[in-house]
Amino acid sequence: MVKRMRGNDITLPVFQATTIEKLPEKGDMMGKLYAYGDKFPQVDEKAVLFPSAEITGDVTVGAKTIIGAGVKIIGDSHGPIRIGSNVQILENTVLHLLPDNELIIEDHVIIGPGCVVHGCHIGKGSVIEPGAIICDNSKLGSNTLVKAGSVVKQKSHFPEKVVVEGFPAVIIESLTKALQQPLWKLDYEKLAEG
């Protein structure tokens with residue numbers, strides 16, 4: 001079919017690499033910040049934003065927080081987004097919320113790549129694995145682990161020190177010891193050195 005669609009030509013084009021003349025300077029490592037009306041993002045000077053990250057409106061980002069590549073944080077007309085210190089929000093994650101709501105992410109939370117986090121409260125030290133969805137008005141206690149691809153439905157409430165998984169997410173385990181940090185988390189010190 002491909003051969004027919006390409007007029008019997010199935011050769012591949014020559015690969016052309018792009019050479020980067022100069023790596024970005026440390027000052028260039030700041031994502032795009034956008035005002036929404038009279039609201040403008042407040043980002044701590046020790047936070048690290050990848051250049052392709054975008055933050056809009058009523059958003060506060062704490063110290064030593066990492067906002068990864070392609071992350072979109074939209075605190076437009078719908079209320080505040082508050083992100084604590086030492087948080088990691090990794091590649092292509094989207095944070096947003098409905099009207100008359102707020103999105104609170106406490107300190108030391110790690111949110112894996114490709115997540116959707118919408119108008120909820122995530123407790124200190126929690127880990128959200130890649131591809132998970134956290135819906136509006138839900139609340140996760142501290143040191144909660146949300147397994148990859150799980151969906152925490154609207155208005156769900158989970159206590160601290162649990163592992164949740166599924167569609168919709170349910171408690172599959174209670175934790176008796178500290179939640180382990182994932183191997184895929186980024187190293188703030190290496191990023192901050194630039």
Side-chain angles (χ1 to χ4, degrees), residues 13 15-98 101-122 126-136 140 146-152 181-194:
F15 175 74
Q16 296 191 7
T18 302
T19 303
I20 298 174
E21 299 292 326
K22 175 182 155 220
L23 291 173
E25 298 292 328
K26 182 169 176 20
D28 296 337
M29 289 294 287
M30 180 60 81
K32 296 170 183 72
L33 305 178
Y34 299 102
Y36 186 87
D38 63 346
K39 307 281 188 205
F40 194 80
Q42 303 298 311
V43 179
D44 189 276
E45 65 183 18
K46 291 185 179 178
V48 174
L49 275 66
F50 280 60
S52 59
E54 295 181 9
I55 303 177
T56 304
D58 190 1
V59 179
T60 302
V61 177
K64 295 188 175 182
T65 286
I66 299 170
I67 307 296
V71 170
K72 307 290 187 230
I73 303 174
I74 304 118
D76 52 20
S77 61
H78 299 328
I81 295 178
R82 301 295 177 251
I83 300 168
S85 298
N86 297 295
V87 171
Q88 293 190 16
I89 302 173
L90 302 179
E91 302 84 38
N92 299 316
T93 291
V94 175
L95 279 67
H96 198 257
L97 62 164
L98 292 172
N101 201 354
E102 62 184 11
L103 172 52
I104 307 295
I105 300 173
E106 294 184 16
D107 298 343
H108 303 285
V109 169
I110 300 173
I111 299 176
C115 292
V116 176
V117 179
H118 220 269
C120 61
H121 188 124
I122 300 176
S126 293
V127 175
I128 314 301
E129 290 186 343
I133 299 172
I134 315 295
C135 295
D136 283 289
L140 304 176
V146 178
K147 300 295 278 179
S150 296
V151 176
V152 175
Q181 297 291 298
L183 297 175
W184 42 265
K185 84 177 234 183
L186 297 176
D187 184 329
Y188 172 82
E189 300 303 326
K190 285 183 181 176
L191 288 173
E193 288 171 7

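Everything numeric in this text was worked out from a predicted model, so none of it was measured.
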### Query
When you measure from the side chain of D76 to the backbone N and O of G57, does any donor-acceptor pair fall under 3.5 Å?
no

### Task
Grab the two heavy atoms, one from N101 and one from P80, that are nearest each other, plus how far apart they are.
O-CD, 3.8 Å

### Task
Return the minimal non-hydrogen interatomic distance between I128 and L140, and the atom names on each side.
CD1-CD1, 3.7 Å

### Summary
Nearest heavy-atom approach of I55 to P41 is O-CG, 3.4 Å

## Note on the structure
In short, L90 meets G112 closest at the heavy-atom pair CB-C, 4.1 Å

## Note on the structure
To the nearest 0.5 Å, atom NZ of K39 lies from atom CD1 of I81 at 12.5 Å

#### Entry: Straight-line distance of Q88 CD to K64 NZ, nearest 0.5 Å
12.5 Å

### Message
Are the side chains of K32 and K72 in contact, using a 4.5 Å heavy-atom criterion?
### Response
no

### Task
Measure from the side-chain N and O atoms of E45 to the backbone N and O of V43, and report whether any donor-acceptor pair falls under 3.5 Å.
no

### Query
In a check of side chain to side chain contact (heavy atoms under 4.5 Å, CB included) between Y188 and each of I66, T65, N86, which one passes?
I66

### Message
Are C120 and V152 packed together at the side-chain level, in the sense that at least one heavy-atom pair is separated by less than 4.5 angstrom?
### Response
no

#### Entry: Partner of I67 by side chain to side chain contact (heavy atoms under 4.5 Å, CB included), out of V59, V48, L49, L95
L49

### Message
With side-chain hydrogen bond (donor to acceptor under 3.5 Å, both in side chains) as the criterion, how do E106 and H121 come out once you've worked through the C-alpha distance, each side chain's angles and the decisive distance to 0.1 Å?
### Response
CA-CA 8 Å; E106 294 184 16; H121 188 124; 2.6 Å; yes

#### Entry: Backbone of C115 reached by a side-chain donor or acceptor of T93 within 3.5 Å
yes

### Task
Check step by step if side chain to side chain contact (heavy atoms under 4.5 Å, CB included) holds for Y36 and D58.
CA-CA 8 Å; Y36 186 87; D58 190 1; over 6 Å; no

#### Entry: Gap separating the NE2 atom of H118 from the CD1 atom of I74, nearest 0.5 angstrom
8.0 Å

### Query
Are any of the side-chain heavy atoms of L191 and F50 separated by less than 4.5 Å?
yes

### Query
In a check of side chain to side chain contact (heavy atoms under 4.5 Å, CB included) between I83 and each of I111, V109, I105, I122, which one passes?
I105

#### Entry: CD1 on I89 to CD1 on I110, rounded to 0.5 Å
11.0 Å

## Note on the structure
To the nearest 0.5 Å, atom CG of D136 lies from atom CG of L98 at 3.5 Å

### Message
Give me the atom names and distance for the closest heavy-atom approach of E129 to K147.
### Response
OE1-CA, 3.3 Å

### Message
If you compare all heavy atoms of R82 against all heavy atoms of T60, which two are closest, and at what distance to 0.1 Å?
### Response
NH1-OG1, 3.3 Å

